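Labels below follow one simple rule: chain letters A, B, ... track the order of the sequence lines, proteins then strands, and each chain is numbered from 1. All figures in this text were calculated on a predicted structure; none of them were measured in a lab.
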Amino acid sequence: DEWRLNNFLPETRPESAQIEKFAEDVNTALAEKDFSIEVYHGGSLGLPNTDLLRVVPTGAVEMSLMWANYLGRDAPALGSVFVQGAISTVDELTDVLPVAQEIYEEEYSEWDVTTVGFVAIPTLSVSVFCRDEPVNTLEDLRNVKLRVWAREQVETFERLGVAAQIIPQEETYVALRTGVVDCALYPALYAKTISLQEVTGYASFLYPMASAPYALGVSDALWESTDPEIRDAITQAADDLWDRTNQYDADIENEMAARESLAEEGIVWSEDFPESDRALFVEAVSETWKMLAEEAGGNALDYRERMLTALGR
Amino acid sequence: MIVIVGLVTTSVIMRRVAGSPLHITEDVVGLLLSAMLFLGLPLVTLRAQHVRVSIVSNALEPRFGGAVHVAAVLVGMTFFGWIFIKAMPWLEFAWQRNLKTETARLLLYPWMTALPLSVGLTWVIFAARLTGLLERERNVSLEALPKVSTAETDIVKTDS
Amino acid sequence: MFWTTLLGVLVASAATGVALGAALGLTGLILLQVYSNGATALAVDAIWNVFNSFTLSAVPLFILLGEILLRSGVSNRAYAAFAPVFSKVPGGLLHTNIAVCTMFGAVSGSSLSTAAAVGSVAYPEMTRRGYDKDVIVGSLAGGGTLGLLIPPSLSFLIFGALTETSIGRLFMAGIVPGLLIGAAFMAYIFVKALRHPHVAPREQVHLPFIAVVRGLGQVWPLLLLILAVIGSIIGGLATPTEAAALGVVLATIISFLWGDLTIKKLGEAIFHATLLFSAIGFVVLGATVLAQSVSILGVPQQILNGVADSGLDRYTILLLVVLIYLVLGCFFDGLSLMIMTLPVVFPLLVGLDYDPIWIGVMITIVIEIGQVTPPVGLNLSVLASLTNNEVSLGRVARATVPYWVIHLLAIGVLKLFPAIALFLPDLLF
Ligand code: NA
Ligand code: NA
């Protein structure tokens with residue numbers, strides 16, 4: 001058998017290389033068996049990542065990378081477990097990860113999807129990139145048009161009096177070039193993906209962000225009917241994958257290297273947003289989190305409780 | 001269509017002048033666009049204005065006209081029937097879970113109803129063609145169809 | 001086996017002369033049923049997703065814009081003013097199609113919008129003036145593809161994000177090849193009109209220069225419209241999609257003031273534009289189902305992997321890749337084809353020492369070709385719809401062959417002289 005593994009990340013992302021390695025590990029372990037995993041990167045199987053809860057359970061694709069925050073339309077509770085910016089330090093992240101993984105496994109299993117493993121996302125530093133002038137206070141941010149990428153950010157910035165607008169990743173470049181927006185929220189680590197350095201001149205660090213891990217899902221029916229030896233090999237390789245990615249020591253270093261490389265291409269890094277502004281931001285985020293959980297209803301409130309307990313808040 | 005134009009324009013003005021972008025624009029425009037297409041689909045079918053490949057069927061026309069016509073209608077009925085059957089559980093899913101759009105938080109199922117409705121209606125039109133209740137689609141003999149630009153607009157002559 | 005099913009069902013169902021969308025869609029459903037474990041429910045999600053899109057709304061809006069100009073007589077006036085300018089040039093107004101498509105390509109990101117916007121005005125006006133229908137449609141289908149090569153371009157934006165290449169450099173790299181291909185189109189029209197003068201009637205009016213200029217003075221409202229649409233994008237007022245809506249508002253105002261638009265005519269324009277969009281949308285819908293059924297199996301990647309593992313030299317591999325795109329282009333729309341294939345093609349070609357930016361330009365050109373290869377050539381479908389099937393899909397396709405060949409030649413030329421694409425980005429970045 002050959003299993004297709006749907007990876008919605010572009011092949012150039014470090015996570016994609018790790019997923020590729022996972023597939024290799026499985027294929028090596030099962031070299032004697034008639035079984036292999038083939039990774040399809042960059043969404044090339046044509047499956048929108050918001051629809052995966054409709055696709056994976058049917059077995060139409062054997063295995064898929066899934067990210068809870070993309071699945072909020074079909075499963076609102078999944079979308080409100082991790083809210084952008086609510087968890088910032090590595091310590092906080094290590095505290096909540098076991099709980100979060102448990103929650104995801106429960107929730108996916110309600111959708112007839114078996115979670116065979118997780119891929120951790122590095123902690124990111126989110127910065128404000130601006131085209132014409134540096135912006136590094138909330139006060140200045142209120143006078144510009146800001147691009148964000150998720151609804152929860154719109155809500156949070158609205159609380160702070162900032163006019164934020166969702167602009168899809170592929171339109172951000174043109175929107176900044178022409179001035180449809182003045183600034184964009186983006187992690188420096190990925191800024192070159194959409195050539196931000198060509199359309200903005202200034203950047204300032206706003207908030208650190210820890211993200212929900214990606215999950216690797218297989219339909220229950222397929223998983224149950226799979227040879228136990230194959231299942232063991234997959235789980236083993238997935239555990240290794242988690243151990244390889246669940247590392248945050250290099251995050252700061254990578255962030256600094258990314259900023260430096262952007263600086264070499266002409267981006268001017270200004271002072272970070274002041275502590276007081278960041279405190280306001282964190283406060284707004286936690287209100288947004290509460291609101292989203294209440295809006296989602298059902299299990300979402302319980303999930304939030306469990307996360308908060310793990311955080312000791 | 002007017003609503004789409006109005007909405008997008010307002011959105012641009014709001015962002016520019018009032019500095020507060022409308023967050024519902026993208027969601028609503030997407031939904032309106034879908035609704036417009038699904039509304040138009042039965043109409044286009046009724047007026048037989050579809051894009052088609054007519055080389056083979058035109059060649060077969062003189063001898064097997066009836067058979068080709070029946071085959072075409074059957075292809076149409078199979079496709080629309082199939083989609084209709086699959087669209088019912090799809091709609092039910094959205095309805096039971098009260099699915100909403102990501103940004104504007106609009107309930108989806110009222111909009112999604114347009115899909116099975118349109119597909120079902122189109123199926124009925126095909127069925128009516130099969131049973132003879134509706135006249136057959138006129139065969140695409142090229143110049144026989146109505147002119148594209150009902151161009152009887154009074155042509156204003158420039159004085160040159 | 002897979003390809004036999006695909007071709008067999010597609011050819012058999014399309015041959016009945018049923019709506020193309022139904023033939024494509026049925027083929028997709030059968031492929032999903034047989035090869036994807038009966039997952040036909042995917043088709044419904046795919047259908048819903050494609051129209052639930054803000055970006056796509058530019059297409060019906062540009063059609064509406066054209067309809068308004070047409071029904072109010074504004075476009076007629078403009079063509080009457082332009083005609084004398086071109087009266088001495090073989091090919092006449094056909095050249096305006098290419099020029100306007102190029103200009104439109106410079107504001108819109110997609111070739112579908114370009115073909116829709118220019119075609120909805122140009123086809124009726126030029127038929128009325130006695131131009132050969134097939135030739136008009138060919139020039140529009142060919143010219144429409146320039147929308148992808150001349151920035152801003154959706155295909156470069158997606159290519160850039162998937163491969164982490166510089167979007168600015170890609171945009172720069174598209175300009176010169178885009179203009180050259182446009183010029184080659186005009187040269188072709190010139191030669192064609194010299195050899196077959198009946199395709200482009202010479203306007204009988206021969207006016208003194210000053211009258212021509214005075215006539216041109218009449219077209220300022222239209223120029224204003226074009227300037228406003230382009231300006232709103234460049235000036236950062238609106239995104240290209242939003243600009244389509246602004247354009248409709250402006251066109252309506254201009255047509256009320258300067259043309260003879262009435263509420264009734266506006267209603268007709270809206271109704272007609274909706275019908276046209278639905279006819280085009282149905283082809284898009286069927287093509288989407290078919291694309292989903294094939295892409296989920298990873299078929300294109302497997303073929304390309306075969307090429308990658310073949311160990312052939314870099315020229316043969318490039319040639320094979322282009323050939324594969326030409327074949328796949330028959331079944332898929334350009335952008336979905338790009339997303340499906342890029343994860344394999346890009347590392348393959350980079351590994352063979354081709355320049356990433358050059359690859360972006362090359363792939364955009366083959367994708368433009370895919371837009372005009374039947375049966376799934378969306379530009380062709382747009383134009384067949386715009387003519388209300390007066391010119392059938394097959395005839396549009398045949399009329400577009402010369403433009404198709406020019407694109408292929410362009411790839412050859414770019415292979416020989418990569419600097420055509422690369423000197424501008426190198427100069428500026
Ligand atoms: Na363009
Ligand atoms: Na094609």
Side-chain angles (χ1 to χ4, degrees), chain A residues 2 4-7 9-13 16 38-48 50-55 57-62 74 131 145 165-182 190-199 219 221-222 265-266, chain C residues 32 36-42 44-46 48-49 54-55 109 151-154 156-158 160-171 232-242 288 291-298 300-302 305 336 338-344 346-347 429:
Chain A
E2 185 180 282
R4 286 157 297 164
L5 197 176
N6 171 48
N7 169 26
L9 298 168
E11 192 170 16
T12 41
R13 285 279 181 95
S16 299
E38 171 91 24
V39 187
Y40 290 87
H41 298 287
S44 57
L45 292 179
L47 301 168
T50 48
D51 281 359
L52 289 174
L53 284 178
R54 297 160 183 237
V55 182
T58 66
V61 61
E62 289 83 5
D74 290 349
R131 39 178 268 148
K145 299 183 294 284
Q165 176 166 24
I166 297 180
I167 293 193
Q169 156 151 312
E170 67 269 16
E171 285 169 28
T172 304
Y173 182 91
V174 177
L176 279 164
R177 163 131 289 169
T178 58
V180 168
V181 289
D182 309 298
Y190 301 136
K192 283 199 177 169
T193 316
I194 57 165
S195 307
L196 270 188
Q197 73 279 9
E198 293 171 6
V199 284
S219 96
L222 176 61
E265 303 207 22
Chain C
L32 281 172
S36 271
N37 214 357
T40 47
L42 276 178
V44 183
D45 282 314
W48 178 254
N49 286 336
F54 184 62
T55 318
S153 140
L154 211 50
F156 283 145
L157 287 167
I158 294 175
L162 281 176
T163 62
E164 297 206 6
T165 37
S166 153
I167 294 167
R169 286 179 60 98
L170 285 166
F171 278 5
S232 70
I233 296 172
I234 295 173
L237 183 64
T239 65
T241 311
E242 293 170 339
T288 306
Q292 176 74 87
S293 72
V294 177
S295 67
I296 193 174
L297 295 173
Q301 294 95 320
Q302 284 157 13
N305 278 329
S336 46
M338 179 150 94
I339 294 168
M340 267 187 265
T341 53
L342 217 44
V344 183
F346 185 72
F429 282 95

Given that the side chain runs from C-beta out, which part of [X] has a heavy atom under 4.5 Å from chain A: side chain, backbone, both or neither?
{"X": "Ile339(C)", "value": "both"}
{"X": "Pro347(C)", "value": "side chain"}
{"X": "Leu342(C)", "value": "neither"}

If I compare all heavy atoms of [X] with all of [Y], which pair ends up nearest, and what's the gap?
{"X": "Leu297(C)", "Y": "Tyr40(A)", "result": "O-OH, 4.3 Å"}
{"X": "Leu47(A)", "Y": "Gln292(C)", "result": "CD2-NE2, 3.7 Å"}
{"X": "Glu164(C)", "Y": "Thr193(A)", "result": "OE2-OG1, 3.4 Å"}

Quiz prompt | Option in Arg54(A), Arg13(A), Lys192(A) with maximal non-hydrogen atom pairs under 4.5 Å from chain C | solution = Arg54(A)

Is the closest side-chain heavy-atom distance between [X] and [Y] below 4.5 Å?
{"X": "Ser295(C)", "Y": "Leu45(A)", "value": "no"}
{"X": "Thr12(A)", "Y": "Thr163(C)", "value": "no"}
{"X": "Thr58(A)", "Y": "Asn37(C)", "value": "no"}
{"X": "Val174(A)", "Y": "Phe171(C)", "value": "yes"}

Quiz prompt | Which atoms of Glu38(A) approach chain C - backbone, side chain, both or neither, heavy atom under 4.5 Å | solution = side chain

Quiz item: So what's closer than 4.5 Å to chain C heavy atoms on Ala60(A): side chain, backbone, both or neither?
Solution: both

Quiz item: So, Arg4(A) side chain and Ile296(C) main chain: donor-acceptor pair closer than 3.5 Å or not?
Solution: yes

Exercise. Check for a donor-acceptor pair, side chain of Gln301(C) on one end and backbone N or O of Ser44(A) on the other, with a separation under 3.5 Å.
Key: yes

